[in-house]
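Notes to accompany the following structure.
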Amino acid sequence: MAKATKKQALGRGLSALLKDPSNDIQSAQDKNADTIIGNIVELDLDAIEINPFQPRTNFNEETLRELASSIKELGVIQPITVRKLEFNKFQLVSGERRFRASKLIGLNTIPAYIRIANDQESLEMALVENIQRQDLDPIEIALSYQRLIDEIALTQEQMSERVGKKRSTIANYLRLLKLDPIIQTGMRDGFISMGHGRAMINIENQNDQLDIYEKIITDKLSVRATELLVKNYHNPSANKPSESQQLPKFVKKGIKEFSEYFGHKIAVKVSKNGKGQITIPFHSEEDFNRIKKLVQSAK
């Protein structure tokens with residue numbers, strides 16, 4: 001406990017140093033810069049502004065309140081990171097949730113690491129730090145990668161080195177941005193997974209993308225069923241049996257509807273006496289149960 005108290009006292013002492021105009025630090029070479037940079041400093045919340053480069057756009061109110069409650073009980077365990085703008089003015093680099101939660105419960109100060117960084121460095125730090133988080137949705141990650149390309153001019157190879165991800169992984173996220181904005185929103189809100197989104201990427205027509213998206217939501221299609229649906233979209237003839245020319249018209253008309261309904265290629269055989277057989281394939285227990293529910297709901 002004595003150690004923690006000493007650390008907090010040090011932070012407050014450095015905070016007072018920063019408020020002294022004669023010690024205004026603008027670069028790493030300035031007097032006392034080595035004392036401030038890399039240490040934890042208690043900063044006034046009012047002296048910190050939100051980072052305009054923050055890639056996160058959604059802040060869950062419930063989890064924010066939970067974090068605020070934790071901070072009220074235990075304090076801010078992990079300091080935020082800021083960069084110095086001007087005298088006694090700072091900008092967030094990372095830790096916006098902690099910053100927001102602290103303001104929510106009326107704290108006046110927050111522990112922070114201070115860095116000297118220009119706009120480009122601040123953007124890169126914020127984007128890379130946020131990409132490493134586990135709670136970003138796929139579209140937030142994709143947008144962060146895109147900003148690193150557009151605003152920092154990083155190549156996919158350079159990004160791979162900075163964030164520790166394979167280039168193919170980065171490419172898969174970036175391709176999600178080709179989807180219709182409605183589908184991107186559905187992914188952000190958790191209605192579909194990244195796997196569903198990846199299955200639809202190869203469909204260039206966004207109206208067709210939306211038709212398939214609607215079917216995924218309505219029929220609660222698995223990723224595997226979605227992949228088959230997209231495959232059938234690219235190769236409609238795959239839905240028809242090899243002897244389709246010999247099938248009765250009413251059968252040929254119904255095969256496509258059956259295949260779309262079940263999300264699989266449906267096989268139909270018809271004998272010369274007019275009797276037939278319909279075969280519905282499945283690929284897993286989950287897929288079997290999905291088809292079972294579709295059959296039961298049709299009763």
Side-chain angles (χ1 to χ4, degrees), residues 58 60 62 134-142 168-169 172-173 175-176 178-299:
N58 294 328
N60 184 284
E62 183 178 351
Q134 298 297 315
D135 55 351
L136 287 183
D137 65 64
I139 298 301
E140 283 179 317
I141 294 175
S168 59
T169 300
N172 284 333
Y173 275 105
R175 293 176 72 213
L176 296 176
K178 296 180 180 179
L179 294 171
D180 185 276
I182 292 176
I183 299 175
Q184 292 184 33
T185 300
M187 199 179 305
R188 301 189 72 166
D189 292 340
F191 292 119
I192 60 172
S193 69
M194 181 177 176
H196 289 102
R198 287 182 62 184
M200 289 185 281
I201 286 172
N202 291 326
I203 297 177
E204 295 183 2
N205 187 297
Q206 292 194 336
N207 288 329
D208 292 341
Q209 286 182 5
L210 291 173
D211 288 341
I212 291 177
Y213 172 67
E214 184 177 349
K215 189 164 186 62
I216 293 171
I217 300 298
T218 303
D219 297 341
K220 296 181 174 59
L221 297 184
S222 66
V223 172
R224 174 60 178 165
T226 302
E227 289 171 346
L228 289 169
L229 189 60
V230 172
K231 182 179 179 181
N232 291 337
Y233 166 86
H234 288 296
N235 185 20
S237 62
N239 291 329
K240 300 177 183 181
S242 58
E243 299 179 357
S244 60
Q245 296 301 321
Q246 286 72 44
L247 293 176
K249 289 183 178 180
F250 73 91
V251 173
K252 287 192 284 185
K253 182 179 179 181
I255 286 177
K256 184 178 180 180
E257 294 178 5
F258 269 118
S259 297
E260 289 181 349
Y261 182 73
F262 290 108
H264 289 307
K265 175 184 175 182
I266 304 302
V268 179
K269 293 183 179 180
V270 180
S271 63
K272 292 181 179 181
N273 63 8
K275 294 181 180 180
Q277 183 182 55
I278 299 174
T279 302
I280 306 173
F282 65 90
H283 303 283
S284 65
E285 181 180 353
E286 178 189 8
D287 198 26
F288 176 84
N289 290 329
R290 177 188 65 82
I291 294 171
K292 180 181 175 183
K293 288 180 181 179
L294 289 174
V295 174
Q296 290 175 334
S297 65
K299 290 181 179 179

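This chain uses plain numbering: 1 for the first residue, then up along the sequence.
Of the possible polar contacts, none joining the Lys215 side chain to the Leu229 backbone as a donor-acceptor pair under 3.5 Å is found.
Put simply, CD1 on Ile192 and CG on Leu179 are 7.0 Å apart, with the number rounded to the nearest 0.5 Å. Atoms CG and OG, from Asp137 and Ser193 in turn, are 12.5 Å apart once rounded to the nearest 0.5 Å. Between the NE2 atom in His196 and the CD1 atom in Ile183 there is a gap of 11.5 Å [rounded to 0.5 Å]. In this structure, CG on Leu210 lies 5.0 Å from CD1 on Ile182, to the nearest 0.5 angstrom. How far OH of Tyr261 is from CG of Asp219: 7.0 Å, rounded to the nearest 0.5 Å. Note that CD1 of Ile216 is 11.0 Å distant from CG of Asp211, once rounded to the nearest 0.5 Å.
For the pair Gln209 and Met200, the tightest heavy-atom approach, listed with the atom from each and the gap, is O-SD, 3.8 Å. Annotation for Pro281 and Thr279: closest pair CD-O, 3.7 Å, computed over non-hydrogen atoms. Minimum heavy-atom separation, Met194 to Met187: CA-SD, 4.0 Å. The two residues Arg198 and Asn172 come nearest to each other via the heavy atoms NH2-ND2, 3.4 Å. When all heavy atoms of Pro138 and Tyr173 are compared, the closest pair comes out as O-CD2, 3.6 Å.
The side-chain contact (heavy atoms from CB on, under 4.5 Å) search around Glu227 returns Ala199, Val223, Arg224, not counting sequence neighbours.
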Checking side chain to side chain donor-acceptor pair (under 3.5 Å) for the pair Tyr213/Asp180: CA distance, chi angles, key distance, verdict? CA-CA 10 Å; Tyr213 172 67; Asp180 185 276; over 6 Å; no

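More than 12 non-hydrogen atoms from other residues, nucleotides or ligands lie less than 6.0 angstrom from CD1 of Ile217. Open room surrounds CZ on Phe258; 12 or fewer heavy atoms of other groups in view lie less than 6.0 Å from it.
Arg175 is listed as a side-chain neighbour of Asn202, based on a closest heavy-atom distance under 4.5 Å. A heavy-atom distance below 4.5 Å is found between the side chains of Leu221 and Arg290.
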